[in-house]
Structure formats: structure tokens, C-alpha cells
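In what follows, a structure is listed as C-alpha cells, so that the remarks can point back to it.
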Amino acid sequence: QFVESGGGLVQPGGSLRLSCVVSEDYFAIGWFRQAPLGEREEISLISTTDGSTYYADSIKGRFTITRDNAKNTAYLQMDYLQPEDTAVYYCTVKILNNSRWPPRLWEYDYWGQGTQVTVSS
């Protein structure tokens, strides 16, 4: 099972929380985003082994990634959203710890269907 949710429309300065439920074991879970005509950008990641996290400079200090092991769910809390955060956000999972940190786009194993986040007044 691989289900992500939580996107929507929010005004600048507002908040949203994305959720991603994955039923199998994995090494790391995170989010990429892709704006219209843009490349897919890795924005945040969390490891299940030691809780290490990664944040892209573009969202550092505004977004927080967490994981609830009991619920097999990861969350991306997005605060102080700005219009430039508008994108489709994709949850992704890497099963094995066998690459650099953070892994590169093509090294992830599974991808969610994507959820739209729109920041606009």
C-alpha cells in the first residue's frame, strides 16, 4: 500500500501537511516536488535507521518531515508557504540503504501518485 494525501489550495503564509502511508519496510521516505515546466526537485527525506533528515535549501526552516512508525506514515509539515512552493508533491521510498545520502532521483524504488499544492491569494 502506498497512499499520499494532504495537498490543496492555501494562501501565502499558510500551512499544509502532507501524509504518506507505506505498508512495507523501507530505509528512507521523502518528498520531491515538480512545478509546471520544472524539474523534479528533492526537498525532504527521513531515514528509518537513525532518523537522519535532509532538507533542500529552498524549504529549510519552513518544512518539517517526521515519521510515525506505529502508523507506517510519514508527514511533511509545510509552514510559511509561498507561491513558489506551488507544485505537484510526490512521496517516494527507498527500500535499501545502498547509495549516497540523499539518494538521487533514479535511486528511489516507489513513487506516489502525487498531490497538488497551490499557494495563491
Side-chain angles (χ1 to χ4, degrees):
Q1 181 187 18
F2 196 124
V3 180
E4 57 178 320
S5 61
L9 173 64
V10 65
Q11 292 186 342
S15 298
L16 285 173
R17 190 177 75 163
L18 305 182
S19 301
C20 187
V21 181
V22 181
S23 59
E24 65 178 285
D25 293 336
Y26 52 85
F27 160 62
I29 188 168
W31 273 269
F32 282 68
R33 69 184 181 186
Q34 188 165 16
L37 304 180
E39 296 184 352
R40 195 166 291 194
E41 174 191 13
E42 185 168 34
I43 59 169
S44 190
L45 182 68
I46 187 166
S47 162
T48 62
T49 56
D50 60 5
S52 296
T53 56
Y54 165 81
Y55 295 99
D57 289 341
S58 58
I59 58 92
K60 199 172 292 184
R62 300 187 296 124
F63 293 9
T64 304
I65 191 168
T66 57
R67 184 174 176 267
D68 185 332
N69 294 340
K71 297 182 179 180
N72 286 333
T73 303
Y75 303 96
L76 185 66
Q77 178 66 39
M78 305 185 295
D79 298 318
Y80 306 106
L81 284 161
Q82 300 301 317
E84 53 265 33
D85 295 315
T86 296
V88 177
Y89 285 67
Y90 296 92
C91 180
T92 185
V93 163
K94 189 163 188 340
I95 303 298
L96 299 178
N97 181 13
N98 58 359
S99 69
R100 54 169 267 182
W101 180 266
R104 288 159 288 197
L105 184 147
W106 60 88
E107 293 175 320
Y108 286 88
D109 297 291
Y110 299 106
W111 293 83
Q113 76 278 10
T115 185
Q116 177 70 44
V117 172
T118 302
V119 185
S120 176
S121 55

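Residue indices begin at 1 and follow the sequence shown.
Using a 4.5 Å cut-off between side-chain heavy atoms of Ile, Leu, Val, Met, Phe, Trp and Tyr, with links allowed through other members, L76 and V3 fall into different hydrophobic clusters. Connection of Y110 to L18 is established within a shared hydrophobic cluster, with ILVMFWY side chains joined at heavy-atom distances below 4.5 Å, either directly or through further cluster members. Following chains of ILVMFWY side-chain contacts shorter than 4.5 Å, one cannot reach I59 starting from L105, and the two form parts of different hydrophobic clusters. Residues V119 and L9 do not share a hydrophobic cluster, defined by chaining ILVMFWY side chains whose heavy atoms lie under 4.5 Å apart. Cluster membership check: V21 does not share its hydrophobic cluster with W111, using side-chain heavy-atom separations under 4.5 Å among Ile, Leu, Val, Met, Phe, Trp and Tyr.
Atoms CZ and OG1, from F27 and T49 in turn, are 5.0 Å apart once rounded to the nearest 0.5 Å. Note that OG1 of T53 and NZ of K60 are 9.5 Å apart. Values are rounded to the nearest 0.5 Å. The structure places CD1 of I29 at 9.5 Å from CD1 of I95, a figure rounded to the nearest 0.5 Å.
Contact between P102 and L45 at its shortest, heavy atoms only, is CB-CD2, 3.8 Å. For N72 against S23, the heavy-atom pair with the smallest separation is ND2-O, 4.2 Å. Here the shortest heavy-atom pairing between K94 and P103 reads CD-CG, 3.5 Å. Nearest heavy-atom pair, Q113 versus Y90, reported as atom, atom and distance to 0.1 Å: O-CE2, 3.8 Å.
A 4.5 Å side-chain heavy-atom check between Q77 and T66 finds every atom pair outside the cut-off. Side-chain atoms of V93 and D109, non-hydrogen and from C-beta on, never get closer than 4.5 Å to each other. Between N97 and S47 the shortest side-chain heavy-atom distance does not fall below 4.5 Å. Contact of the R33 side chain with the S58 side chain is registered, since non-hydrogen atoms from C-beta on lie closer than 4.5 Å. The side-chain heavy atoms of T86 and Q116, taken from C-beta on, include a pair separated by under 4.5 Å. Contact of the S15 side chain with the V10 side chain is not registered, since no non-hydrogen atoms from C-beta on lie closer than 4.5 Å. Looking only at side-chain heavy atoms (C-beta outward), F2 and C20 come within less than 4.5 Å of each other. Between V117 and M78 there is a side-chain heavy-atom pair separated by less than 4.5 Å.
Within 6.0 Å of CD on E39 lie no more than 12 heavy atoms contributed by other residues, nucleotides or ligands. Within 6.0 Å of atom CG in D25, 12 or fewer heavy atoms from other residues, nucleotides or ligands are found, so the atom counts as exposed in its surroundings.
Remark: side-chain polar atoms of Q82 are not paired, donor with acceptor, to backbone N or O of P12 under 3.5 angstrom. S19 contributes no side-chain N or O that, together with a main-chain N or O of Y75, makes up a donor-acceptor pair within less than 3.5 Å.
You'll find the ring centres of Y108 and F32 inside the 6.0 Å limit.
The aromatic rings of F63 and Y89 sit tilted, their planes meeting at an angle between 30° and 60°.
Between W31 and the choices I46, T92, I65, the side chain to side chain contact (heavy atoms under 4.5 Å, CB included) rule is met once, by I65.
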